[in-house]
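Keep in mind that the numbers below use all heavy atoms, side chains included, and drop hydrogens, waters and symmetry copies. Everything numeric in this text was worked out from a predicted model, so none of it was measured.
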Amino acid sequence: MEQPALLEMRGITKEFPGVKALDGVSLTVRAGTVHALMGENGAGKSTLMKCLFGIYAKDGGTITLDGKEVNFRSAKEALENGVAMVHQELNQALTRSVQDNLWLGRYPKVGGIMVSEGIMARRTKEIFEQLEVTVNPKAIMSTLPVSQRQMVEIAKAVSYDAKIVVFDEPTSSLTEAEVEHLFRIINMLRDKGCGIIYISHKMDEILRISDEVTIMRDGTWVATRPAKELTMEEIIRLMVGRELTNRFPPKTNKPGEVILDVEHISGKYTRLKDASFQLRQGEVLGIAGLDGSGRTEVLENLFGAMTRGGGHIRLHGREIHNRNPKESIKNGFALLTEERRATGIFGIRDIKENTVISSLKDYLLGHVCLSDKRMREKTDWAIQAMRIKTPDQKTQIRTLSGGNQQKVIIGRWLLTNPEVLLLDEPTRGIDVGAKYEIYQLIIDLAKQGKGVIMVSSEMPELLGVCDRILVMSGGQLAGEVDATHTSQEEILTLAAKYV
């Protein structure tokens, strides 16, 4: 028997200056089901959810929750009425504890005045035990890896005992074991009769966890189908409006001589203990490993974004120090960070400023002022080259979809003409069509003689794009494999070597 409609969104419209983000979109979510929402970056998925959640005021249409028309004016009002959301971009109080973040804005009080630490600790323990979350409630948020912070955010959403729970790219920073954990939580919520809205670009997850799938394109509704009737190829066709037969472009780059030689680098205050490897000209070198293995720390060490404990870095046989990002950029390094919101974008600045920020010296006129004309020209190049969906250069970057923000940052670094490009989760939160474009860009850069080092949690991505793969385990380099003659099993075996 078909479950009753718990949430109905009918004819939702939303316009921003210069762009119609939503054009008459409808969505029906039934009790006790998982409804996936799919589409390319900029299709309007997150905008639709923000209209539901009260972050954006919709321009038209109706929202009915449990038979009653609603129009939430704030996230607080949505939460109080049974709608919770796990956002794609984490927005947490990093200097506060996990416990504080969980109860922020609704601290349990004694006598309505004093915050009760005891009650807060007890409730946190109950929620974490129920969800099998093993994060320390007293830990400061900034000390946790992104995956654990994501699990805290998921626990927070569940703690509201909501009727509708929205998951916006919840697995983008989770390990495979944590994804399985999340799916257990989702199944528990489904069994309780909740309606789950699940946004993801990972089609294997969608087909596995969903009951129904709604696909959007360019701010419009395209189709709603039962998940069991869809294939990966059909979803891609509906999303992008064309066939996409190959997930990865052919590897046409040809690795040459060694350009970067790294010997026994370690981090002074991080889990990175020891890593030695070489990078060749025109090579795409992948780094795999479980969460906490030291993958990100390798890139941050090379870029001077963390204090080095020891080791040597040689570029073309010459020792360099890369003591800070400024020195690293001067030496021809560029780093695309894992968390674009926290360490990648300048949210309140526009596209142009975010694009040229790392290459300002190239736009100086007489060492006195900046050439606005040249900055606009370079930004236009980045928008065209990266196919960034934006009304214009003056648009604030925080209003773009996550994938388009990522494209802006990649364009920024390309303008510095780097010799060694360090990419940490370069396709995180990016749709399948845009992923292919990023993969092609990476291979094209390698063909131009650049050296690329890429960290990714997605094993097929590493195997499909890289020439060699380094495997980190417990802060150490556990092994190296040829991407063409290896398997996911071999990589996972190495990843568990020092755990």
Side-chain angles (χ1 to χ4, degrees), residues 142-143 145 255-287 289 292-340 342-344 346 356-362 364 367 409-410 412-426 442 445-446 448-455 466 468-478 480:
S142 61
T143 66
E257 63 183 20
V258 172
I259 57 171
L260 183 69
D261 200 347
V262 178
E263 292 182 356
H264 303 295
I265 58 168
S266 62
K268 195 167 185 178
Y269 305 110
T270 65
R271 58 181 71 104
L272 180 61
K273 299 171 186 173
D274 182 38
S276 299
F277 57 90
Q278 293 179 327
L279 174 68
R280 299 182 180 277
Q281 188 175 38
E283 180 180 38
V284 181
L285 179 65
I287 302 182
S293 63
R295 299 172 309 180
T296 292
E297 285 81 354
V298 170
L299 300 193
E300 291 178 343
N301 194 304
L302 292 176
F303 195 65
M306 61 176 278
T307 305
R308 189 170 303 124
H312 301 277
I313 303 171
R314 293 183 180 86
L315 185 65
H316 296 298
R318 179 178 63 88
E319 182 155 7
I320 57 174
H321 300 289
N322 286 7
R323 285 164 288 218
N324 53 58
K326 183 179 180 181
E327 185 178 341
S328 302
I329 293 169
K330 190 176 178 181
N331 285 325
F333 286 70
L335 171 64
L336 181 79
T337 59
E338 180 183 12
E339 288 188 81
R340 58 176 165 261
T343 55
F346 298 92
V356 302
I357 189 67
S358 294
S359 53
L360 288 176
K361 60 179 175 52
D362 296 338
L364 281 173
H367 303 286
I409 304 169
I410 294 173
R412 171 203 298 168
W413 285 120
L414 293 185
L415 289 176
T416 68
N417 194 28
E419 189 165 8
V420 178
L421 194 57
L422 310 172
L423 307 175
D424 198 350
E425 303 286 4
I442 290 169
L445 288 168
Q448 295 168 24
K450 312 287 187 190
V452 181
I453 304 178
M454 182 172 96
V455 167
C466 301
R468 285 185 299 134
I469 301 171
L470 307 175
V471 186
M472 297 294 295
S473 178
Q476 303 176 62
L477 184 60
E480 175 190 310

Show every donor-acceptor pair shorter than 3.5 Å between a side-chain atom in residues 255-262 and any protein atom, with sequence neighbours excluded, or say none if there are none.
none

Check: Quick check: does any side chain N or O of Asn322 sit under 3.5 Å from a backbone N or O of Leu302, one acting as donor and the other as acceptor?
Finding: yes
Next item on the list: Report yes or no: does Arg295 contribute a side-chain atom to a donor-acceptor pair with the main-chain N or O of Gly289 at less than 3.5 Å?
Entry: yes
Next item on the list: Mind running side-chain contact (heavy atoms from CB on, under 4.5 Å) on Leu299 and Glu338 for me, showing each step along the way?
Entry: CA-CA 10 Å; Leu299 300 193; Glu338 180 183 12; over 6 Å; no
Once rounded to the nearest 0.5 Å, what's the spacing between atom [atom1] of [X] and atom [atom2] of [Y]?
X	Y	atom1	atom2	result
His321	Arg308	NE2	CZ	9.0 Å
Thr343	Ile409	OG1	CD1	8.0 Å
Ile287	Ile469	CD1	CD1	11.0 Å
Thr296	Asn301	OG1	CG	12.0 Å
Ile320	Phe333	CD1	CZ	4.0 Å
Met306	Ile265	CE	CD1	8.0 Å

Item checked: Candidate list Arg271, Lys268, Lys273, test salt bridge (Lys or Arg N to Asp or Glu O under 4.0 Å), partner Glu297, passing option -> Arg271
Next item on the list: Mind running side-chain contact (heavy atoms from CB on, under 4.5 Å) on Ile453 and Leu422 for me, showing each step along the way?
Entry: CA-CA 5 Å; Ile453 304 178; Leu422 310 172; 3.8 Å; yes
State, with a plain yes or no, whether a side-chain heavy atom of [X] is found less than 4.5 Å away from one of [Y].
X	Y	result
Lys450	Leu421	no
Arg318	Asn331	yes
Leu477	Val298	no
Glu300	Leu272	no

With sequence neighbours excluded, tell me which residues meet side-chain contact (heavy atoms from CB on, under 4.5 Å) with [X].
X	value
Ser266	none
Ile329	Phe303, Trp413
Ser359	Asp362, Tyr363, Leu415, Thr416

Next item on the list: Name all residues meeting the ring pair (Phe, Tyr, Trp, His ring centres under 6.0 Å) criterion together with Phe277; count only those two or more places apart in sequence or in a different chain, and write none if there are none.
Entry: none
[X] versus [Y], closest heavy-atom pair with distance:
X	Y	value
Gln278	Leu285	O-CD2, 3.8 Å
His312	Glu319	ND1-OE2, 2.7 Å
Ile442	Pro426	CD1-CG, 4.5 Å
Ser293	Met472	CB-O, 3.5 Å
Ser358	Arg412	OG-CD, 3.4 Å
Gly304	Ser328	N-OG, 3.8 Å

Item checked: Qualifying residues under salt bridge (Lys or Arg N to Asp or Glu O under 4.0 Å), relative to Arg468, sequence neighbours excluded -> Glu283, Glu480
